[in-house]
There are 2 protein chains.
Amino acid sequence: MQRKRVTLDEVARMAGVSRATVSLVVRKSPLVADHTREKVEQVMAELDYVRDIGAARLRNNSSRTVGVIVPNLVNSFFTEFLAGVERVMGEDDRVVLLANSQDDPRRQDDILQRFRGHGVDGVILCPAAGTPPDLPARMRRWGLPMVQSLREIDRGATDYAGADYIEGVRLAVQHLVRLGRRRIAFLSVGARTSAREERLAGFARALAETGAEDAGIVEADLTWEGAARSAAEVLALQSRPEAVLCFNDVLAAGLMLGLRRAGLEPGRDLGVVGLDDLPLAELTYPPLTSVAMDPAGIGVAAARLLARRLADPDAPPERAILAPRLVIRDSSGPEAG
Amino acid sequence: MQRKRVTLDEVARMAGVSRATVSLVVRKSPLVADHTREKVEQVMAELDYVRDIGAARLRNNSSRTVGVIVPNLVNSFFTEFLAGVERVMGEDDRVVLLANSQDDPRRQDDILQRFRGHGVDGVILCPAAGTPPDLPARMRRWGLPMVQSLREIDRGATDYAGADYIEGVRLAVQHLVRLGRRRIAFLSVGARTSAREERLAGFARALAETGAEDAGIVEADLTWEGAARSAAEVLALQSRPEAVLCFNDVLAAGLMLGLRRAGLEPGRDLGVVGLDDLPLAELTYPPLTSVAMDPAGIGVAAARLLARRLADPDAPPERAILAPRLVIRDSSGPEAG
DNA sequence: CATCCGTTTTAGATCGTTCTAAATCGCAGG
DNA sequence: CCTGCGATTTAGAACGATCTAAAACGGATG
């Protein structure tokens, strides 16, 4: 049943030229004469020739394939990120190998080995929590170009695309302070990633700058159920917070759910602000004030960085940091007055 | 900078055996003597040998790679589906090539050509709206094994994994009728897919079975904004509905938003039921009554079907239809009484 | 000691492409 | 009619694996 592949040789025979010439046509080389090119292209169309990229890569070492590793696919932040990556890669006639590390460094290693075996040209990596810091060095030793995105394990030595979370957190805190909510808690996550550290650092710095009061830091599982359960803990903080800034919108949505279950009205009784501005921010009740990070834009930036790196492996490392934007809705509470 | 690949030959030389023997070790053949195997494995570890799957495929025609095409990545239904596919493929030591057709048949064709070029072993396809019905036949001619999932363009001739949407719609309608809401509208989408037809057919059938009244069918863009805008249209239906059944949860969430903007309280003034039971169903306000379709389970089923098909290309086509489950929350309204 | 047989190992061809270096073509100039 | 030169084309060797068929090995047997 397996249909045999149409090869360069067959096309060549049919078109009355050599295999090498057909190869040149496939690669759009300017060396072939126009009439030969036309003839060959016609035959290729007739026979439904499809170039075998694997065989090509074997010889010339470019597979036009890049690997992307994300820590999960359920959070739509990563999905939009992926969509951005995919768009650029598609435009550039590259194919994306997608894998999900589930935030497990061992799985991530597995995936990288498989990617290597498949001869990917490069990798966009959102490192799993707990990734050993020497991974980028190892990958360099493998000769596998890499761009880090969304999370960063060796700042400075490799290309990185992300958002300015410190600034994002600042925007959120400033907004809350402007609304008169000065005792602010932070709902964080357990997984140790640069994203977490950055947001926590931003929180501390923003408190200092605005003179707001740190009402405490609570950790939850990175699921909305986890966040809902943590509502009790938030409410039990010694200095009862006037607002809670959440690691991301998933947590914020879950927290609002938990608050409501506890009989509180998010936005009125307690301000809630998320980060990421996922589509769901608009769908929660009350609609969630959040800080937009443009994940698709980050994906685009990451893809561009990788393209650049592939074109010029020795270019100096570059960082693309996108600016966040505060989106005010109702959950942060009404204007103070 | 490009590090040279470690090849079978190098391992062979280092281990003092032939290339062929090393190849046997790599493929875990029982033919090699234990002491040779150990020696070779040790050398492979030392040299950090990685098998070149492209080169292998060139010879033996199996790339251990499958392509998956989904029409979008923003709807978490597809994401969970993907997660299911990925899980099974990973267990089976296969790699997933992911692509997003954006519901555009031309893009979908492009992607398929690229997949062919990469020598994927098979494809899991969620066909874009407007896919020409002869696509499966073409793919058969290419010798490219395929499993359809979530949407179906040539019922019966190829493997298919999906959910029983007719039954799902029935559950939803029965539930509404039980609550005393008998004038029911359907909020549908524009894109023509089997998923749409099936849900509409299920709606008609369920109305007939329960004796409920068709309050009309409204079409919206498949985004929550689109659904929110369509609220006005729903409210303007000549026979004002007591409940609205929505094509999926994204529409349902958007509709609730629109209703609320119009000053109505979803669940009290108008019952709303979604389909899919996405995670966001629990986060909306009021929490959304929906019909769970287990997308991850469908992904698992699709992957299994493809694995089976690859193992036995001539097996008769099979269909895996998962049963839906009604999840009652608040948006459908209180018990009639 | 020759033979046989099951177990291991191996040489060499092969997959479909690209690369290198050289061959061929067409034509202008001497 | 040869020479030289750009513009095209091509033969044949890679690339790194697997497959086939045959060789080498190591006892056991007669």
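Just so it is clear: chains get the letters A, B, ... in the order the sequence lines come, proteins before strands, and each one is counted from 1.
- On a pure distance criterion of 3.5 Å, no polar donor-acceptor pair joins the side chain of A:R57 and the base of D:dG16.
- Interatomic distance, A:M146 CE to A:L125 CG, rounded to the nearest 0.5 Å: 6.0 Å.
- Closest to the B:V17 side chain, of the nucleotides D:dT9, C:dT18, C:dT10, is C:dT10.
- Between C:dT18, C:dT17, D:dT18, one nucleotide has an atom nearer to the side chain of B:A56 than all others, and that is D:dT18.
- A heavy-atom distance below 4.5 Å is not found between the side chains of B:V120 and B:V66.
- One finds a side-chain N or O of A:T21 lying less than 4.0 angstrom from the OP1 or OP2 phosphate oxygen of D:dT10.
- OP1 or OP2 of C:dT17 has not a single side-chain nitrogen or oxygen of A:S23 nearer than 4.0 Å.
- Among the heavy atoms of the strands lying under 4.0 Å from B:R51 are primed sugar atoms or P, OP1, OP2 only; no base atom is included.
- Residue B:A33 is classed as a sugar-phosphate contact, given heavy-atom separations below 4.0 Å to backbone atoms only.
- A:A20 comes within 4.0 angstrom of a base, heavy atoms only.
- Using a 4.0 Å heavy-atom criterion, one finds that A:V25 contacts no nucleic acid atom at all.
- Whole-Å rounding puts the A:L8 CG to D:dA13 C1' distance at 16 Å.
- The nearest whole Å value for the distance from the CZ atom in A:R19 to the P atom in C:dC15 is 11 Å.
- Rounded to whole Å, the distance from NE2 on B:H118 to P on C:dT17 is 13 Å.
- Counting only heavy atoms from C-beta on, B:T36 has its side chain closest to C:dT9 among D:dT9, C:dT9, C:dC15.
- One can place CG of A:D52 at 6 Å from P of C:dT17, the figure rounded to the nearest angstrom.
- Among the heavy atoms of the strands lying under 4.0 Å from A:T7 are primed sugar atoms or P, OP1, OP2 only; no base atom is included.
- Here the nucleotide nearest the side chain of B:N60, chosen from C:dT8, D:dT18, C:dT17, is D:dT18.
- The salt bridge (Lys or Arg N to Asp or Glu O under 4.0 Å) test with A:R308 singles out one residue from A:D159, A:D314, A:D92, and that residue is A:D159.
- The nearest whole Å value for the distance from the NZ atom in B:K28 to the P atom in D:dT18 is 12 Å.
- The CZ-C1' distance, from A:R27 to C:dT20, rounds to 12 Å in whole Å.
- Looking at A:R59, its side chain has no donor and acceptor atom pair within 3.5 Å of the base of C:dT17.
- Between B:R319 atom CZ and B:E152 atom CD the span is 4.0 Å, to the nearest 0.5 Å.
- Note: CZ (A:R5) to C1' (C:dT17) measures 11 Å, nearest angstrom.
- Residue B:D9 contributes atom CG, which lies 13 Å from atom P of D:dA14 at whole-angstrom precision.
- Using a 4.0 Å heavy-atom distance criterion, B:V26 is classed as making no nucleic acid contact.
- Of the candidates A:R116, A:Q113, A:R138, B:D48 forms a side-chain hydrogen bond (donor to acceptor under 3.5 Å, both in side chains) with just one, namely A:R116.
- Here the side chains of B:M293 and B:L322 are not in contact, with every heavy-atom distance at 4.5 Å or above.
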